[in-house]
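Values below: all heavy atoms of this structure, side chains included; hydrogens, waters and symmetry mates excluded.
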Amino acid sequence: MKKTTKNPTFLSKMYCSFFGHDYLVSKKVTRHVKEYKCCHCKKELTTNSNGKLTELTSTFKEINAVLELMYSRKLSKIRQKTYNTSAA
């Protein structure tokens with residue numbers, strides 16, 4: 001049975017140091033705030049309040065979780081209001 005590790009290997013770190021990171025969107029928090037993850041070295045980033053990429057720390061994870069909750073509640077209220085007005 002083969003063991004898989006989540007830690008990035010030396011070769012993947014070398015790849016990123018030579019060619020740069022290859023970030024993919026791992027989570028959409030809101031329309032403007034997203035979380036990114038490098039597919040080679042597994043480094044995680046998020047957008048800050050200025051719209052620039054910053055490292056995803058535990059503080060930013062908590063902020064993004066609360067922001068996502070508030071955003072989803074806002075969208076559900078807007079959808080419910082739209083549905084109620086169109087049904088009348």
Side-chain angles (χ1 to χ4, degrees):
M1 186 168 197
K2 189 176 180 180
K3 259 185 158 179
T4 59
T5 59
K6 292 189 177 188
N7 295 336
T9 61
F10 176 72
L11 290 176
S12 63
K13 287 183 182 179
M14 283 296 267
Y15 178 87
C16 289
S17 66
F18 285 128
F19 300 110
H21 296 283
D22 189 15
Y23 293 116
L24 300 174
V25 176
S26 60
K27 185 178 182 182
K28 292 183 179 179
V29 180
T30 66
R31 282 186 9 200
H32 303 291
V33 178
K34 296 174 181 64
E35 292 181 2
Y36 301 92
K37 190 174 197 176
C38 178
C39 62
H40 300 289
C41 68
K42 309 302 183 213
K43 183 176 180 179
E44 294 180 318
L45 299 175
T46 187
T47 50
N48 63 9
S49 59
N50 298 330
K52 299 190 179 187
L53 293 178
T54 57
E55 195 167 334
L56 186 63
T57 60
S58 60
T59 305
F60 277 113
K61 284 182 183 182
E62 289 179 31
I63 291 170
N64 285 351
V66 171
L67 187 61
E68 182 180 20
L69 179 66
M70 291 172 54
Y71 185 71
S72 64
R73 285 182 182 173
K74 177 183 174 183
L75 284 180
S76 66
K77 284 182 181 180
I78 291 173
R79 287 182 186 141
Q80 185 180 14
K81 187 183 286 187
T82 306
Y83 178 73
N84 287 340
T85 57
S86 64

Separation between [atom1] of [X] and [atom2] of [Y], rounded to the nearest 0.5 Å:
| X | Y | atom1 | atom2 | result |
| --- | --- | --- | --- | --- |
| Ser72 | Lys77 | OG | NZ | 10.5 Å |
| Ser17 | His40 | OG | NE2 | 11.5 Å |
| Lys13 | Phe18 | NZ | CZ | 14.5 Å |
| Lys34 | Leu45 | NZ | CG | 14.0 Å |
| His32 | Tyr71 | NE2 | OH | 7.0 Å |
| Glu62 | Thr57 | CD | OG1 | 9.0 Å |

Item to complete: Check whether any side-chain N or O of Lys52 sits under 3.5 Å from a backbone N or O of Ser49 as a donor-acceptor pair, and report yes or no.
Response: no

Discussion item. Looking at Asn50, is its backbone amide N or carbonyl O close enough to the side chain of Asn48 to form a donor-acceptor pair, meaning the two atoms are under 3.5 Å apart?
Written reply: yes

Worksheet entry | side-chain contact (heavy atoms from CB on, under 4.5 Å) partner of Glu44, chosen from Glu55, Lys61, Lys27 | Lys61

Practice prompt. Report the residue from Thr30, Leu69, Leu56, Thr47 that forms a side-chain contact (heavy atoms from CB on, under 4.5 Å) with Asn64.
Written response: Leu56

Worksheet item: Got Thr46 and Ile63 here, is their nearest side-chain heavy-atom distance under 4.5 Å?
Response: no

Worksheet item: If Ile, Leu, Val, Met, Phe, Trp and Tyr residues are connected whenever their side-chain heavy atoms lie under 4.5 Å apart, and connections chain through other members, are Phe10 and Tyr15 in the same group?
Response: yes

Practice prompt. Determine whether Val25 and Val33 fall in the same hydrophobic cluster, where Ile, Leu, Val, Met, Phe, Trp and Tyr are linked whenever their side-chain heavy atoms lie under 4.5 Å apart.
Written response: no

Practice prompt. Indicate the ring-plane relationship of Tyr36 and Tyr23, choosing parallel, tilted or perpendicular according to the 30° and 60° boundaries.
Written response: perpendicular

Response to the item:
For Cys16 and Cys38 the tightest heavy-atom approach is SG-SG, 3.5 Å

